[in-house]
Every structure is written in structure tokens, then in C-alpha cells.
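So the structure is just underneath, and the comments pick up after that.
Here the structure is a predicted model, which is why all the values come from computation and not from measurement. Hydrogens, waters and symmetry mates play no part in the numbers below; they use all other heavy atoms, side chains included. For this chain, numbers begin at 1 and follow the sequence in order.
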Amino acid sequence: MARLAQTAGLTDVQQEILSTVRDFVDKEIIPVATELEHRDEYPQQIVDGLKELGLFGLMIPEEYGGLGESLLTYALCVEEIARGWMSVSGIINTHFIVAYMLKQHGTQEQKEHFLPRMAAGDVRGAFSMSEPGLGSDVSAITSKAVKDGDEYVLNGQKMWLTNGGTSSLVAVLVRSDEGHSPEEAAAKPHKSMTTFLVEKEPGFGEVRPGLTIPGKIDKMGYKGVDTTELIMDDLRVPADRVLGGVTGRGFYQMMDGVEVGRVNVAARGCGVAQRAFELGVQYAQQRHTFGKPIAQHQAIQFKLAEMATKVEAAHAMMVNAARKKDSGERNDLEAGMAKYLASEYCKEVVEDAFRIHGGYGFSKEYEIERLYREAPMLLIGEGTAEIQKMIIGRRLLEEYRFQG
């Protein structure tokens with residue numbers, strides 16, 4: 001198991017961070033994950049431990065109290081955490097997307113106000129693009145912001161917020177047709193969107209005047225972490241809480257954050273697949289049929305070989321996408337490929353491990369049952385496979401344009 005998904009070229013600091021996280025996962029997450037997941041219980045003790053390790057500030061620059069580490073370091077940490085329990089990796093993912101967007105696009109005042117408290121884990125981030133009726137069609141957003149003096153008034157309903165209840169800062173994407181005619185806004189909807197930094201109290205119900213978090217959405221898997229709606233009813237937000245201080249840039253800011261999120265989802269897929277392989281290869285050596293461990297049957301060995309190869313391939317693509325982003329280059333192609341491959345392979349590896357467990361895989365006593373319900377979320381999160389293939393196809397046509 002230790003030979004799979006190794007990463008060449010890591011610094012001593014990166015190796016030390018990963019070793020610390022791996023030890024934490026083995027001791028503090030894996031032993032309690034299934035019990036907490038079955039109770040749909042928020043893993044407060046685990047989150048407190050991550051805060052103590054400084055992981056909420058992993059990618060935040062040192063000048064703001066963070067560790068100033070790379071996306072690669074973060075992705076490898078997410079891979080380890082997801083190996084223990086995917087829901088925990090979701091808690092830090094949305095936090096880091098918001099922190100990244102602030103670091104890349106925020107005004108100096110916004111950085112100084114939010115990033116030190118985010119690095120300490122005292123402010124937890126969530127971000128909100130989706131709405132009940134639009135799915136992957138971000139251009140169809142109907143939530144709207146209207147300027148009123150030194151404030152904006154926001155109205156609309158958002159959907160699928162990870163950390164919606166426990167967060168205290170939400171980056172919300174809405175339409176703001178300020179400076180655009182109705183015709184221009186309709187023709188170029190991406191240019192009439194703005195990201196607002198909305199502060200709120202953690203919890204459910206009316207968490208600030210005009211802002212309601214109705215409650216947790218009951219899900220098939222990905223439990224423990226709170227997934228919610230967000231309802232804005234004449235929510236007043238100061239103009240200085242427009243991300244970057246300028247309206248009309250929200251779509252591009254969010255897409256930059258989503259590229260980080262897609263690397264994260266790829267890392268989560270790698271972590272879950274690694275855990276499924278570990279469970280499958282262990283069980284195959286313990287379970288006996290026809291007088292020998294099932295691992296000695298050629299059919300099972302073939303299955304293990306395929307699983308391990310998929311784990312290795314997905315990890316390599318995830319690392320490549322993270323390193324491309326860290327280099328400052330455009331990485332939407334690599335992030336799309338990594339997210340697509342890792343999520344699909346994760347589903348296949350988990351299902352193969354489930355098959356190796358036979359009837360016991362259907363029992364809630366076995367960890368693979370939880371993984372079997374968690375893996376499908378990765379097929380959807382940060383864009384479906386169809387969206388990734390559309391991004392990949394368009395980028396390939398840009399790179400390989402026929403000169404005729």
C-alpha cells in the first residue's frame with residue numbers, strides 16, 4: 001500500500017507536513033469516520049485538530065499568518081484526509097477556495113481583514129454559485145444585486161453550499177447589471193456577475209438580517225459536513241464587500257477558484273480510491289474460499305492490478321494539474337482531465353473493492369459501504385463529467401487548431 005501514489009520531488013517541509021497529516025488521519029479520523037458518518041454528525045473534534053495543525057492556513061501567505069504552501073502541498077494533504085473521510089476534506093476545500101479567491105482577487109483591505117482570521121481557522125469559508133434551477137449553467141444565475149447608495153441589496157436563492165451552516169464567510173455569485181444595458185447583460189451574462197463577501201453568524205435559520213440558511217440537506221452520502229441552501233431576501237451588503245472592489249468580475253473570479261476546486265476534487269477521488277484499494281487488498285488476504293485466500297485467485301489478482309493502476313494514474317494526473325497551477329500557467333485543461341479521470345476511477349475502484357467484499361460490502365459494519373455511497377458525489381462536484389469533457393474538448397481544439 002505504501003508504494004502507491006508516491007510523489008517525486010517533494011521538499012523536506014512538504015514531506016514533514018504530509019507525514020503529520022497522514023499520522024493524524026490514521027489515528028484521529030479513520031477509527032471514528034464510519035460511526036460519525038452513520039450519525040450524520042459534524043466532526044467537531046477532527047476539525048479542531050486540523051485547526052491545531054494549522055491546516056486552515058496551509059495556502060494562505062505567511063504575511064497573513066498562514067503557512068504559505070503550494071496548491072500541490074494542499075492537494076496532497078486533501079488526498080490524505082479524504083483517504084480517512086471524504087467529508088472532512090470538503091470542510092477545508094470550500095474554505096480554501098474562498099481564501100484563494102481573496103488572495104488572488106481581493107483588495108488589500110479585504111485581505112488584511114479576512115485572511116489572518118481564516119488562517120487561524122476562526123473564520124470559515126463557503127462559496128456559492130449554484131441555484132435550484134440551473135445546475136452547471138452558471139450563466140443562468142437569477143440571484144441579483146442592486147446598488148443602493150453605499151450598499152447593495154441582494155435577493156435570490158442559492159443551492160448546494162458546503163459548510164453553509166458552519167461557515168462565517170460566504171463568497172456569493174450574483175447578477176449585477178450595473179453599467180450594462182439589458183441587451184448587453186443578456187448577450188454577455190458572464191460580464192454582469194459579481195462576487196460578494198457575505199459575513200454571517202454560523203448556524204441555521206436567519207443568520208443575519210435578510211439571510212437565511214434553512215437547514216441541512218439530507219444526502220445519500222457525504223454526511224457529517226453540512227450542505228445547505230442560502231436564501232437572500234433584501235440582504236444588504238456594503239459596497240466594500242464586492243470581491244476586488246469592482247463589479248462585473250465575479251464569474252472569472254469564481255472560475256479561477258473552481259480550478260483550484262477541481263484539483264481538490266481530483267485529490268479527494270485519489271484519497272477515496274486509495275482507501276478502497278487498501279480495504280480491498282486487505283480483505284482479499286483475509287477471506288478464504290475454496291481452501292485459500294481469495295487474493296490467490298487469478299480473478300481477484302486481476303481486479304487488484306486494475307485498481308492499483310487506476311489509483312496510480314489518477315494520482316499522477318492530479319499532481320500534474322496542481323503543479324501546473326502552482327507554476328502560474330493556465331491549467332483548466334489539466335484540472336479538467338484530473339477531475340474527470342480521478343472521479344471516474346474512484347467510482348470504479350470503490351465498486352471493485354465492494355465486489356471483493358462480496359455480501360459483507362453491503363453491511364454497514366464494513367467501511368467500504370460508506371465509500372460506496374460517497375464516491376458518486378465526486379462525479380458531480382465542481383462540474384459533471386460532461387462539463388469536464390466539454391472544457392477538455394474546447395481546450396484541445398485551441399491547442400491543436402488545424403491550419404488549412
Side-chain angles (χ1 to χ4, degrees), residues 37 39-44 47 86-98 101 123-146 152-176 189 193-237 241 243 250-251 253-254 257-258 261 264-265 373-374 376-384 387:
E37 196 270 350
R39 295 206 302 258
D40 198 6
E41 181 177 326
Y42 186 79
Q44 188 61 58
V47 172
M86 191 181 75
S87 293
V88 178
S89 66
I91 291 170
I92 64 171
N93 174 44
T94 50
H95 175 84
F96 267 109
I97 290 178
V98 178
M101 290 168 61
V123 168
R124 306 276 173 78
F127 79 106
S128 177
M129 283 196 305
S130 187
E131 295 183 0
L134 62 88
S136 298
D137 185 8
V138 180
S139 66
I141 280 176
T142 59
S143 297
K144 195 171 180 64
V146 176
Y152 285 84
V153 181
L154 277 60
N155 283 281
Q157 182 180 4
K158 309 297 283 186
M159 193 72 176
W160 306 118
L161 277 75
T162 300
N163 289 343
T166 49
S167 60
S168 47
L169 174 66
V170 185
V172 182
L173 184 67
V174 300
R175 297 181 67 91
S176 59
M193 295 185 188
T194 298
T195 302
F196 285 87
L197 301 170
V198 178
E199 297 172 85
K200 70 176 188 65
E201 290 297 317
F204 300 98
E206 190 172 33
V207 291
R208 66 174 279 182
L211 181 64
T212 300
I213 306 293
K216 292 169 62 174
I217 298 169
D218 193 18
K219 310 183 297 290
M220 175 179 75
Y222 197 42
K223 293 179 179 287
V225 61
D226 50 300
T227 305
T228 74
E229 298 175 69
L230 180 148
I231 300 171
M232 299 172 288
D233 184 11
D234 289 340
L235 170 66
R236 304 189 77 89
V237 180
R241 289 298 176 257
L243 180 61
F251 177 80
Q253 294 164 344
M254 279 281 182
V258 165
N264 171 281
V265 172
R373 287 183 291 103
E374 288 178 339
M377 196 284 290
L378 298 173
L379 300 171
I380 302 165
E382 316 297 10
T384 62
I387 290 294

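- Heavy atoms of other residues, nucleotides or ligands lying less than 6.0 angstrom from CD of Glu201 number 12 at most.
- Distance CG/Leu211 to CD1/Ile231: 9.0 Å, rounded to 0.5 Å.
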Next on the checklist: For Met159 and Ile217: C-alpha separation, side-chain torsions, deciding distance, then whether side-chain contact (heavy atoms from CB on, under 4.5 Å) applies.
Outcome noted: CA-CA 10 Å; Met159 193 72 176; Ile217 298 169; 3.8 Å; yes

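- The nearest pair of heavy atoms linking Glu131 to Ser143 is OE2-OG, 2.7 Å.
- Contacts of Asp234 classified as side chain to side chain contact (heavy atoms under 4.5 Å, CB included), with partners at least two apart in sequence or in another chain: Val153, Asn155.
- The minimum heavy-atom distance between Pro132 and Lys158, with the atom names listed, is CD-C, 4.5 Å.
- The closest donor-acceptor contact from the side chain of Asp40 to the backbone of Gly224 lies under 3.5 Å.
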Next on the checklist: Could you walk me through whether Thr212 and Val207 satisfy the side-chain contact (heavy atoms from CB on, under 4.5 Å) test, starting with their C-alpha distance in whole Å, then the side-chain angles of each, then the deciding distance to 0.1 Å, before giving a yes or no?
Outcome noted: CA-CA 6 Å; Thr212 300; Val207 291; over 6 Å; no

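- Expressed to the nearest 0.5 Å, how far OG of Ser128 lies from CD of Gln157 amounts to 10.0 Å.
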Side-chain donor-acceptor distances from residues 164-172 under 3.5 Å, at least two apart:
unit_1: Thr166; atom_1: OG1; unit_2: Asp226; atom_2: OD1; d: 3.1
unit_1: Ser167; atom_1: OG; unit_2: Asn163; atom_2: O; d: 2.7
unit_1: Ser168; atom_1: OG; unit_2: Arg124; atom_2: N; d: 3.2

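- Panel note: side chain Lys219, backbone Met377; no donor-acceptor pair is recorded below 3.5 Å.
- For Pro376, the side chain to side chain contact (heavy atoms under 4.5 Å, CB included) test picks out Met220, with sequence neighbours left out.
- Taking each heavy atom of Leu161 and Phe127 in turn, the nearest pair found is CG-O, 4.2 Å.
- Checked by atom type and distance alone, the side chain of Glu382 never pairs as donor or acceptor with a backbone atom of Val265 at under 3.5 Å.
- Nearest heavy-atom pair, Ile91 versus Pro43, reported as atom, atom and distance to 0.1 Å: CD1-CG, 3.8 Å.
- A salt bridge between Arg208 and Glu199 is absent, with no side-chain N of the basic residue lying under 4.0 Å from a carboxylate O of the acidic one.
- Taking CG from Asn264 and CG from Leu378, the interatomic distance works out to 9.5 Å, rounded to the nearest 0.5 Å.
- Between Tyr152 and Ala145, the closest heavy-atom pair is CD2-CB, 4.2 Å.
- Residue Leu173 holds its CG atom at 4.0 Å from CD1 of Ile141, rounded to the nearest 0.5 Å.
- Put simply, OH on Tyr222 and OG on Ser89 are 6.0 Å apart, with the number rounded to the nearest 0.5 Å.
- Distance NZ/Lys223 to CD/Glu374: 10.5 Å, rounded to 0.5 Å.
- Applying side-chain contact (heavy atoms from CB on, under 4.5 Å) to Val174 and the options Met232, Met193, Lys144 leaves one that passes, Met232.
- Looking at Arg241 and Val198, their side chains never come closer than 4.5 Å, going by heavy atoms from C-beta outward.
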